[in-house]
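Following: one structure in structure tokens, then a few remarks.
Residues: numbered from 1 along the sequence shown.
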Amino acid sequence: MKTTLKIFLIAAIFAGTSANAQVNTIDSVATSKVQHFNFDEMESETIGKGIQRKWFHGEKGQMTIFNLEKGAHIPWHKHPNEQITYIMSGKVKIKTIIDGKEKFVIVSGGEVIVFPENIPHEFWALEKTVDLDVHVPVRQDWLSKELPDYLKKSE
């Protein structure tokens with residue numbers, strides 16, 4: 001009888017915990033704000049010579065499309081955000097730190113490169129390029145209308 005009672009109590013505790021977890025999950029979904037964007041309808045902003053961007057952000061991350069003219073340059077910089085870069089078309093030369101050493105990497109259309117947080121990097125467009133970047137978390141330095149200092153160097 002005591003064993004049966006213990007099993008019943010343990011099952012009741014787990015059932016209560018699981019029910020609370022489901023309520024929390026449902027509550028968090030219910031309070032999330034769904035956003036819908038169309039890059040084709042967004043206005044581009046010029047942020048340097050030969051560099052245009054369109055971007056939006058959610059609560060935890062952001063997405064940017066860069067249109068880079070051949071010869072465009074995004075200077076050496078780093079940020080506390082992971083950056084996933086997908087080159088949709090074109091080709092860039094990137095300087096970054098790999099295994100503790102400065103290295104150059106060519107990334108072409110269809111390829112992806114991932115920069116962990118605080119890893120410096122620099123881009124040169126070797127041809128007209130469309131670059132899709134995802135940053136997590138949201139780039140706080142982009143939330144104001146003021147360009148970050150490194151982008152001012154690209155003008």
Side-chain angles (χ1 to χ4, degrees), residues 14 17-155:
F14 280 116
T17 303
S18 146
N20 285 340
Q22 289 175 346
V23 169
N24 290 339
T25 301
I26 291 168
D27 287 347
S28 66
V29 169
T31 59
S32 293
K33 181 180 176 187
V34 174
Q35 300 179 70
H36 178 220
F37 299 95
N38 183 334
F39 269 126
D40 291 337
E41 294 175 0
M42 295 173 81
E43 193 171 318
S44 289
E45 60 180 326
T46 299
I47 59 168
K49 186 176 178 187
I51 306 169
Q52 291 193 325
R53 75 176 175 193
K54 297 177 182 184
W55 74 286
F56 64 88
H57 66 87
E59 198 172 316
K60 296 183 181 180
Q62 72 184 50
M63 184 177 282
T64 308
I65 288 185
F66 286 100
N67 287 290
L68 306 171
E69 294 298 322
K70 181 179 180 178
H73 175 235
I74 299 175
W76 188 249
H77 66 285
K78 65 180 181 174
H79 38 73
N81 318 76
E82 178 179 64
Q83 176 176 326
I84 301 169
T85 296
Y86 167 52
I87 301 302
M88 297 173 68
S89 64
K91 186 186 299 184
V92 293
K93 178 171 81 172
I94 300 171
K95 179 170 77 171
T96 191
I97 306 295
I98 299 174
D99 297 328
K101 297 179 182 172
E102 269 187 24
K103 301 246 175 145
F104 288 91
V105 179
I106 304 295
V107 183
S108 299
E111 296 180 345
V112 175
I113 187 167
V114 179
F115 301 100
E117 61 188 26
N118 294 312
I119 296 297
H121 48 282
E122 182 170 11
F123 284 66
W124 290 269
L126 299 177
E127 56 192 55
K128 188 174 181 174
T129 299
V130 179
D131 165 348
L132 175 68
D133 283 1
V134 175
H135 292 94
V136 177
V138 174
R139 294 276 308 262
Q140 294 300 308
D141 59 339
W142 285 22
L143 293 177
S144 76
K145 294 288 183 187
E146 186 71 23
L147 284 177
D149 287 338
Y150 75 90
L151 282 173
K152 292 177 184 174
K153 296 174 189 172
S154 69
E155 295 183 62

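A 4.5 Å side-chain heavy-atom check between Ile74 and Leu68 finds at least one atom pair inside the cut-off. Here the side chains of Phe56 and Gln35 are not in contact, with every heavy-atom distance at 4.5 Å or above.
Across every non-hydrogen atom of Gly50 and Ala72, the tightest pair is O-CB, 3.4 Å.
Here the CE atom belonging to Met88 is positioned 9.0 Å from the CG atom belonging to Asn67, to the nearest 0.5 angstrom. Atom NE2 of residue His57 and atom OG1 of residue Thr64 lie 10.5 Å apart, to the nearest 0.5 angstrom. Between the NE2 atom of His121 and the NZ atom of Lys78 there is a distance of 11.5 Å, given to the nearest 0.5 Å. With rounding to the nearest 0.5 Å, the separation of CZ in Phe39 from CH2 in Trp55 is 11.0 Å.
For Glu146, the side chain to side chain contact (heavy atoms under 4.5 Å, CB included) criterion is met by Ser144, Lys152, not counting sequence neighbours. By the ring-ring contact (aromatic ring centres under 6.0 Å, His included) test, His135 pairs with His79, Trp142, sequence neighbours left out. Judged as a side chain to side chain contact (heavy atoms under 4.5 Å, CB included), and not counting sequence neighbours, the contacts of Thr46 are Gln52. In this structure Gln140 satisfies the side chain to side chain contact (heavy atoms under 4.5 Å, CB included) test together with Val138, Leu143, sequence neighbours excluded. With sequence neighbours excluded, the residues forming a side chain to side chain contact (heavy atoms under 4.5 Å, CB included) with Asp141 are Arg139, Pro148, Tyr150, listed by chain and number.
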Run the side-chain donor-acceptor check on residues 124-133: report pairs under 3.5 Å with partners two or more places apart or on a different chain.
from   : atom 1 : to     : atom 2 : distance (Å)
Thr129 : OG1    : Lys91  : N      : 3.1
Thr129 : OG1    : Lys91  : O      : 3.2
Thr129 : OG1    : Glu127 : O      : 2.7
Asp133 : OD1    : Thr85  : OG1    : 2.9
Asp133 : OD2    : Gln83  : NE2    : 3.2

Kindly list each side-chain donor-acceptor pair under 3.5 angstrom involving residues 92-117, sequence neighbours excluded, with atom names and distances?
from   : atom 1 : to     : atom 2 : distance (Å)
Thr96  : OG1    : Pro120 : O      : 2.8
Glu111 : OE1    : Ser108 : N      : 2.9

